[in-house]
There are 2 protein chains.
Amino acid sequence: MFSKATEYALRAVIYIAQKGSPENKISIEEISGAIGSPRSFTAKILQILRKDNRIIQSVTGPQGGFYMTEQHRKLPVRAILTAMNEDHILSKCVLGLHTCNELKPCPMHASYKKIKEQLIQLFETRTIAQLAHEMDAGTAFIKFLGKKKEKRK
Amino acid sequence: MFSKATEYALRAVIYIAQKGSPENKISIEEISGAIGSPRSFTAKILQILRKDNRIIQSVTGPQGGFYMTEQHRKLPVRAILTAMNEDHILSKCVLGLHTCNELKPCPMHASYKKIKEQLIQLFETRTIAQLAHEMDAGTAFIKFLGKKKEKRK
DNA sequence: ATAAATAAGGACAAAAATATCCTTAATTAC
DNA sequence: GTAATTAAGGATATTTTTGTCCTTATTTAT
């Protein structure tokens, strides 16, 4: 559904929301380790999410890292898609037709429409905080327990 | 949601289902023109769909081209995804976690699950024939009316 | 002030997806 | 059987996505 970059973004933000705060900032190292994403690529993605402090914040230096404010935690998950420039995936035509709309629907339009509406609803109403809380409660998980790269540079 | 290749595949198959028959085979030229896809890339995709006569059939030579049998028209739309090797998109974790399942759900799992079920249901129950019939009935459209490439070789 | 830790950012590399071109094979019309 | 038409298939090119590496800037601790 989404690109790898966006998948990593979603996982990273949820992780930061759960573990990070101004008093406890999280390093790229920890984040990429926890969510199972390539370290340097993740760094790039976090830069995008930090741009204009849209989703996350960061500081350099010792004890530096990434964190979120309460306000940012209240953002809908959709805000992450928007920051990653993949918000359109929720509403685009499933056959990729630019011309598809209510007046000139593609053959899948009517039936797929209901699903799109639910997708948008889901990403719009669920907040980053809610997802983080599920992890706190132990009812949801994001960690890769599996195989790690042997050596990382 | 799907790759461009799969979007083209869906459109091409629906078009062939509507217009093609053993008596009236459709050329790549016509297909790519009608669905607004790059000619040679579309040719590759049609080769994949024709492999083992899974979705479509073809013959070379004058009056040759692509067509479908009634049996193939009865296939669920999902068969196209399977042929294009993108069937997994319907059921994968929205965060891209291989470990995500009922026992170790990701934070989006429970709510996204319902949408996945509907997606699978949609692609499994709707047949290629049904989509073609909507186009016949004039209640659905696939054509690009828009700008075409100036010169095509 | 200096050293250490950390993200920022640029340049580059690798892989995958998308797209084009050319030659070959099959079929049909004549 | 020859020429014309069409898909098959291989090789290559281009673009996008994914990923790595190195240097710089910022902050903190000493």
Side-chain angles (χ1 to χ4, degrees), chain A residues 1-12 16 20 22-33 35-68 84-86 89 96 149-153, chain B residues 1-9 11-12 16 20 22-33 35-68 84-86 89 96 148-153:
Chain A
M1 162 130 266
F2 302 117
S3 67
K4 287 206 176 184
T6 292
E7 288 176 355
Y8 297 154
L10 289 164
R11 296 185 344 224
I16 295 166
E23 302 78 43
N24 184 35
K25 309 188 199 76
I26 320 285
S27 69
I28 292 174
E29 194 66 36
E30 177 179 342
I31 295 166
S32 60
I35 70 173
S37 63
R39 193 205 130 102
S40 297
F41 191 44
T42 306
K44 295 295 186 206
I45 292 162
L46 294 177
Q47 274 181 40
I48 295 169
L49 296 168
R50 192 214 193 282
K51 195 92 188 303
D52 311 317
N53 289 333
R54 280 228 272 175
I55 312 285
I56 59 180
Q57 289 182 263
S58 67
V59 297
T60 58
Q63 309 312 311
F66 295 88
Y67 63 99
M68 291 178 77
M84 295 300 293
N85 208 30
E86 288 197 16
I89 289 183
K149 290 269 183 58
E150 265 316 282
K151 276 274 188 208
R152 82 164 68 248
K153 164 59 195 307
Chain B
M1 162 131 262
F2 302 116
S3 67
K4 286 202 176 185
T6 292
E7 289 177 353
Y8 298 154
R11 300 192 333 231
I16 295 166
E23 302 78 42
N24 183 35
K25 311 188 196 76
I26 320 285
S27 70
I28 293 175
E29 194 65 36
E30 177 179 343
I31 295 166
S32 60
I35 70 172
S37 63
R39 193 204 130 102
S40 296
F41 190 45
T42 306
K44 295 296 187 209
I45 293 163
L46 295 177
Q47 275 180 41
I48 295 169
L49 297 168
R50 191 211 193 284
K51 194 97 188 302
D52 312 317
N53 290 332
R54 279 226 274 174
I55 312 284
I56 58 180
Q57 289 183 264
S58 66
V59 297
T60 57
Q63 308 311 312
F66 295 88
Y67 63 98
M68 292 179 76
M84 295 299 294
N85 209 29
E86 289 198 15
I89 289 183
K148 306 255 297 203
K149 291 268 184 57
E150 265 316 284
K151 276 277 188 203
R152 78 165 70 246
K153 165 57 197 305

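Protein chains get the first letters and strands the later ones, always in sequence-line order, with residue 1 at the start of each.
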- Query: D/dA7 C1' sits how many Å from B/I45 CD1, rounded?
  - Reply: 15 Å
- Does OP1 or OP2 of C/dT20 have a side-chain N or O of B/R39 closer than 4.0 Å? no
- Message: Check the phosphate of D/dT5 against B/S27, side-chain N and O only, distance under 4.0 Å to OP1 or OP2. Yes or no?
- Response: no
- Distance in angstrom units between B/F66 CZ and C/dA26 P, rounded: 16 Å
- Query: Counting just side-chain N and O atoms, does B/S58 come under 4.0 Å of either OP1 or OP2 of D/dT6?
  - Reply: no
- Between atom CD in A/Q57 and atom C1' in C/dA7, what is the gap in whole Å? 14 Å
- Query: Looking for any heavy atom pair under 4.0 Å, which part of the strands does A/A43 touch: base, sugar-phosphate only, or nothing?
  - Reply: nothing
- Query: Taking OP1 and OP2 of C/dT28, is either one under 4.0 Å from a side-chain nitrogen or oxygen of B/Q63?
  - Reply: no
- Query: Between A/G64 and B/S3, who's closer to the 5' end of DNA chain C by nearest nucleotide?
  - Reply: A/G64
- Message: Let's test your reading of the model: under 3.5 Å, does the base of D/dT26 pair with the side chain of A/T60 as donor and acceptor?
- Response: yes
- Atom CZ of B/R50 and atom C1' of D/dT6: how far apart are they, to the nearest Å? 13 Å
- Message: Categorize B/L46 for me: base, sugar-phosphate, or nothing, with a 4.0 angstrom heavy-atom threshold over every strand shown.
- Response: nothing
- Query: On a plain distance test, is the side chain of A/K4 in donor-acceptor contact with the base of D/dG19 below 3.5 Å?
  - Reply: no
- Query: Atom CD1 of B/I48 and atom P of C/dT18: how far apart are they, to the nearest Å?
  - Reply: 11 Å
- Atom CZ of A/F2 and atom P of D/dT16: how far apart are they, to the nearest Å? 21 Å
- First encountered from the 5' end of DNA chain D, between A/F41 and A/G61: A/F41
- Separation between NZ of B/K25 and CD1 of B/I56, rounded to the nearest 0.5 Å: 13.5 Å
- Query: Which part of the nucleic acid, if any, lies within contact of A/S40, taking any heavy atom under 4.0 Å across all strands shown: a base, the sugar-phosphate backbone alone, or nothing?
  - Reply: base
- Message: At 4.0 Å (heavy atoms only), tell me whether A/I31 reaches a base, stays on the sugar-phosphate, or touches nothing.
- Response: nothing
- Task: Could you check how far CD of A/E30 sits from C1' of C/dA5, rounded to whole Å?
- Result: 15 Å
- N or O in side chain of B/Y8 less than 4.0 angstrom from C/dT18 OP1/OP2: no
- For the residue pair A/A9 and A/I45, what are the closest heavy atoms and their distance? CB-CG2, 3.7 Å
- Side chain of A/P62: nearest nucleotide among D/dA4, C/dA4, D/dG9? C/dA4
- Classify the nucleic acid contact of B/I56 as base, sugar-phosphate or nothing, counting any heavy atom under 4.0 Å across all strands shown. nothing
- For B/K44, report the nucleic acid contact type (base, sugar-phosphate, nothing); a contact means any heavy atom under 4.0 Å. base
